[in-house]
Number of protein chains: 2
Amino acid sequence: MALREEILEVSKDILIQDGFSKMSMRRIARRANVTATSIYLYFKNKDDLLLALIEESINDLKNALQEVVDPGKDFIQQLEDMARAYIRFALDHPKEYEIIYMVRPEEMPKYPREKFNEVRSAYELLAGIISKGKEQNLIEVDDPLISAYTIWAQIHGVVSVMLNKRLDTRIPREKFTDQAVDHIIKGFIIQKTPA
Amino acid sequence: MALREEILEVSKDILIQDGFSKMSMRRIARRANVTATSIYLYFKNKDDLLLALIEESINDLKNALQEVVDPGKDFIQQLEDMARAYIRFALDHPKEYEIIYMVRPEEMPKYPREKFNEVRSAYELLAGIISKGKEQNLIEVDDPLISAYTIWAQIHGVVSVMLNKRLDTRIPREKFTDQAVDHIIKGFIIQKTPA
DNA sequence: AACAAAGGTTAACACTGTTAAGTAAACAGT
DNA sequence: ACTGTTTACTTAACAGTGTTAACCTTTGTT
């Protein structure tokens with residue numbers, strides 16, 4: 001059973017150091033001092049292995065977010081903290097973040113629905129915060145879950161543009177993230193004092 | 001020279017119908033009634049071919065956006081039209097949209113910088129609209145280009161969550177996009193009348 | 001007629017994911 | 001102590017991959 005963990009570790013190393021295209025069964029096996037076929041004793045196929053890696057990464061992200069949650073803080077501050085934690089995680093562990101969104105679902109129809117529930121719990125972390133804001137009438141929200149997804153999606157977009165190096169070189173990263181976070185949050189807040 | 005176009009067309013067909021993993025040089029060649037090596041007469045390698053496909057898709061997206069631009073319309077309406085046109089394009093041509101963001105830059109360091117300039121022109125389409133809003137003091141903007149990227153990123157995130165089937169099944173797609181567009185735009189607008 | 005370029009081809013190399021079949025060691029039951 | 005079975009792995013093979021070097025034809029030019 002130790003080999004399973006070894007395979008996961010080696011796979012992740014290769015993925016991070018050498019890139020996705022270099023992550024072949026034989027290469028993984030070689031670095032784990034077994035043959036490629038041994039991997040199939042612990043994973044149904046390559047997709048299944050990839051899935052396990054995705055799961056790990058999702059958990060890491062979830063933990064990074066969980067760490068930053070502080071119910072004592074002001075509501076808007078909480079939203080901002082989470083957004084920034086998310087962005088920081090993605091920029092600090094770009095490969096790990098990429099893994100999460102790497103699966104092209106059309107090519108992986110076997111992707112088990114229930115696996116996504118672990119991501120869901122992260123959404124619900126955010127939805128919880130939003131619900132509180134709603135109670136305090138600080139925020140204009142219909143369904144907190146939808147709002148959580150909306151915020152999530154927007155942040156993911158911001159991050160993904162940066163990770164894919166799609167950002168104009170003339171734009172400083174920090175200014176971009178600052179403005180993005182600012183706008184995303186403002187999109188939800190009820191502004192009581194017009195500028 | 002006609003073969004080059006034939007290859008592009010066949011490649012796109014395979015990519016859309018059979019998925020990325022099935023898009024092999026030999027399969028493309030077979031369907032174009034040539035041998036795989038012939039492709040190398042027109043494209044340096046597979047990445048180069050993929051790049052050409054990306055370029056095509058970007059242009060299609062750009063055209064879809066261009067169609068919707070109408071300077072006669074109200075500024076906020078223009079923003080919304082563009083956002084909706086973008087989302088519609090992505091949802092109507094998911095594979096084509098995916099192609100645009102398919103490149104994993106780490107694995108494709110040869111990606112020529114200047115190619116991105118064509119995307120840039122699309123950003124500048126958006127930046128132009130934003131500039132007008134700034135002049136009219138309808139919008140709170142520092143640098144229109146940054147804002148254009150921010151909006152773009154947010155919309156991309158929204159779209160990408162849906163395309164990757166990451167959206168909670170309990171959430172109706174339309175409600176999600178409506179709310180997303182609403183919030184993204186509101187994040188930029190100076191609200192004069194608090195609710 | 002001779003030469004060169006254009007537009008292809010065949011054969012091969014070193015890889016890929018995956019499967020069927022085999023092996024060798026550890027353990028369990030009688 | 002002899003079976004039988006399970007566990008953990010290996011070897012060999014299949015069909016496919018991207019890519020290159022070398023080789024043909026056909027076409028056009030001088």
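Per chain, numbering begins at 1; letters A, B, ... match sequence-line order.
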Pair Asp178(B) + Arg84(B): basic N to acidic O under 4.0 Å = yes
When the distance from NZ of Lys44(A) to C1' of dT18(C) is rounded to whole Å, what number comes out?
-> 13 Å
Atom-to-atom span, CE of Met23(A) to C1' of dG17(C) - whole angstrom | 12 Å
Looking only at side-chain atoms of [X], point me to the closest of [options].
X	options	answer
Leu41(B)	dG7(C), dT10(D), dT19(D)	dG7(C)
Val34(B)	dT10(C), dT16(C), dG8(C)	dG8(C)
Met25(B)	dG18(D), dG8(C), dT16(C)	dG18(D)
Lys46(A)	dG17(C), dT19(C), dA21(D)	dG17(C)
Tyr40(B)	dA13(D), dT19(D), dC9(D)	dT19(D)

First of Ala36(B) and Arg26(A) reached from the 5' end of DNA chain D, by closest nucleotide = Arg26(A)
How far apart are the closest heavy atoms of Ala180(B) and Val158(B), and which atoms are they?
-> CB-CG2, 3.7 Å
Would you please say whether a donor-acceptor pair under 3.5 Å links the side chains of Glu55(B) and Asn59(B)?
-> no
At under 4.0 Å between heavy atoms, what does Ser38(A) touch on the DNA or RNA strands: base, sugar-phosphate, or nothing?
-> base
Give Ser24(A) one of three labels, base, sugar-phosphate or nothing, depending on what nucleic acid heavy atoms sit under 4.0 Å from its own.
-> sugar-phosphate
Mutual orientation of the aromatic rings belonging to Tyr86(A) and Trp152(A) [parallel < 30°, tilted 30-60°, perpendicular > 60°] = perpendicular
